[in-house]
Amino acid sequence: MRKLDESLLGHIPPFRKLGRPEIRAILDLAEPKRYAAGTAIFEEGLAAERFYLLLDGHIRVIRTTEGGDQVIALHIVAGQLFGIAAAIGRDTYPATAMAVDDCLVLSWPTSQWSNFTANYDGFATESYKVVGERMGEMNNRLVEMATQQVEQRVARAVLRLISQSGRKVAGGIEIDFPITRQNLSDMTGTTLHTVSRLMSGWEKVGLVKSTRRHIVVTDAHRLVVLSEKSG
DNA sequence: TCATTAAAAGTTT
DNA sequence: AAACTTTTAATGA
């Protein structure tokens, strides 16, 4: 197996404070793996045997409700830890992680978690910060669901996506992974039809430009204004 | 306002 | 060709 390069981890927050030899040790314990688009990395309820770091690609975290509906909880972008059940004191995964596009992932046995947090400076604080941010984000989502109207919710979801994984292109900012109307409706608790109609409407007035599984925000400012207006 | 149902057309594999 | 994605319209809560 090709050796992993230390520069892969050096700039990623939980490892930023570590020296070369420490990163080398961590990499030697890691198992690198590729996942094709649409593949599950782990599933909700399964024993949390490993924790993961996304090196390349995009991951969708999906929670299944009692009714059997799948709700997209959040997206993970390159450089983020995920599947860190151990960090919140669980021994099973609280959600399913799916590869949105082709992904490159490192993983470690959960048994290493205590080793990492105890021996590597900054790993624990950075990881808990990430967990805190995620929980805050999910909580915001819940509040939005209860208080905002559909158009505002969808607008915010799109804005969140471009801020997390937007890429500047001629004429706007595009979401740099495949996203469908259905996905957006799963994120916002509405239907694909409503999302489709909203997007058509926004496209007509020049806020966005979208083709199949692809969205470009052409006027982020006006979309922000739209997302903040209250009914 | 928004969901549901249905039907049609476009895209990908 | 089959499977998937998007659009549009009609109807009702």
Side-chain angles (χ1 to χ4, degrees), chain A residues 33-44 56-78 95-105 137-167 169-231:
Chain A
K33 191 164 176 187
R34 292 192 167 280
Y35 293 87
T39 318
I41 291 128
F42 55 78
E43 304 215 20
E44 179 172 356
D56 190 32
H58 301 268
I59 303 279
R60 197 144 47 219
V61 177
I62 298 162
R63 196 196 64 214
T64 306
T65 65
E66 324 76 53
D69 303 334
Q70 298 211 315
V71 173
I72 295 174
L74 49 88
H75 286 87
I76 308 287
V77 301
T96 296
M98 295 268 297
V100 177
D101 44 18
D102 292 345
C103 289
L104 178 58
V105 165
E137 188 184 326
M138 283 195 268
N139 201 51
N140 286 344
R141 197 84 58 88
L142 284 178
V143 173
E144 279 178 26
M145 292 273 220
T147 60
Q148 320 255 173
Q149 297 197 301
V150 170
E151 187 169 27
Q152 280 71 39
R153 295 210 303 272
V154 176
R156 294 183 76 103
V158 170
L159 288 169
R160 196 161 41 227
L161 289 172
I162 62 171
S163 79
Q164 284 172 2
S165 47
R167 170 167 27 127
V169 294
I173 307 168
E174 80 175 359
I175 296 170
D176 75 343
F177 62 87
I179 180 106
T180 66
R181 308 289 194 262
Q182 174 76 69
N183 294 150
L184 231 22
S185 68
D186 287 344
M187 279 178 256
T188 52
T190 182
T191 64
L192 75 158
H193 307 276
T194 298
V195 172
S196 176
R197 280 187 284 262
L198 285 172
M199 296 278 296
S200 300
W202 293 347
E203 181 147 7
K204 213 164 289 178
V205 295
L207 288 178
V208 302
K209 177 104 181 63
S210 96
T211 56
R212 186 193 167 96
R213 309 213 293 169
H214 183 247
I215 297 171
V216 178
V217 175
T218 50
D219 191 338
H221 181 257
R222 270 205 291 157
L223 197 57
V224 170
V225 171
L226 198 161
S227 77
E228 285 171 349
K229 93 174 172 198
S230 63

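Throughout, protein chains are lettered first and strands after them, A, B, ... in sequence-line order, and every chain is numbered starting at 1.
Looking at A/Gln182 and A/Asp186, their side chains do bring a donor and an acceptor atom within 3.5 Å of each other.
OP1 and OP2 of B/dC2 both lie 4.0 Å or more from every side-chain N or O belonging to A/Thr194.
To the nearest 0.5 Å, atoms CZ (A/Arg212) and OG (A/Ser210) are separated by 12.0 Å.
The environment of A/Arg222 atom CZ is dense: over 12 non-hydrogen atoms of other residues, nucleotides or ligands sit within 6.0 angstrom.
With A/Pro178 as the partner, the side-chain contact (heavy atoms from CB on, under 4.5 Å) test is satisfied by one option alone out of A/Asn183, A/Ile215, A/Val100: A/Val100. Applying the side-chain contact (heavy atoms from CB on, under 4.5 Å) test between A/Arg153 and each of A/Leu184, A/Val158, A/Thr188 identifies A/Thr188 as the sole match.
In this structure, A/Leu192 atom CG and B/dC2 atom C1' are separated by 13 Å, rounded to whole Å. Rounded to whole angstrom, the span from the CG atom of A/Leu198 across to the P atom of C/dT8 amounts to 13 Å.
The main-chain N or O of A/Gln152 is never found under 3.5 Å from a side-chain atom of A/Ser227 such that the two would form a donor-acceptor pair. A donor-acceptor contact shorter than 3.5 Å is absent between the side chain of A/Asp176 and the backbone of A/Gly166.
DNA chain B lies under 4.0 Å from at least one heavy atom of each of the following residues of residues 175-191 of chain A: A/Gly189, A/Thr190, A/Thr191.
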Checklist entry - What string of B, S and - do you get for nucleotides 5-13 of chain B, 5' to 3', if B is base contact, S is sugar-phosphate-only contact and - is no contact with any protein heavy atom under 4.0 Å? => result BB---BBS-
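Every pair tested for ring-ring contact (aromatic ring centres under 6.0 Å, His included) that includes a residue from residues 192-218 of chain A fails, sequence neighbours excluded, so the list is empty.
Residue contacts shown for A/Ser200 are limited to sugar-phosphate atoms, with no base heavy atom under 4.0 Å away.
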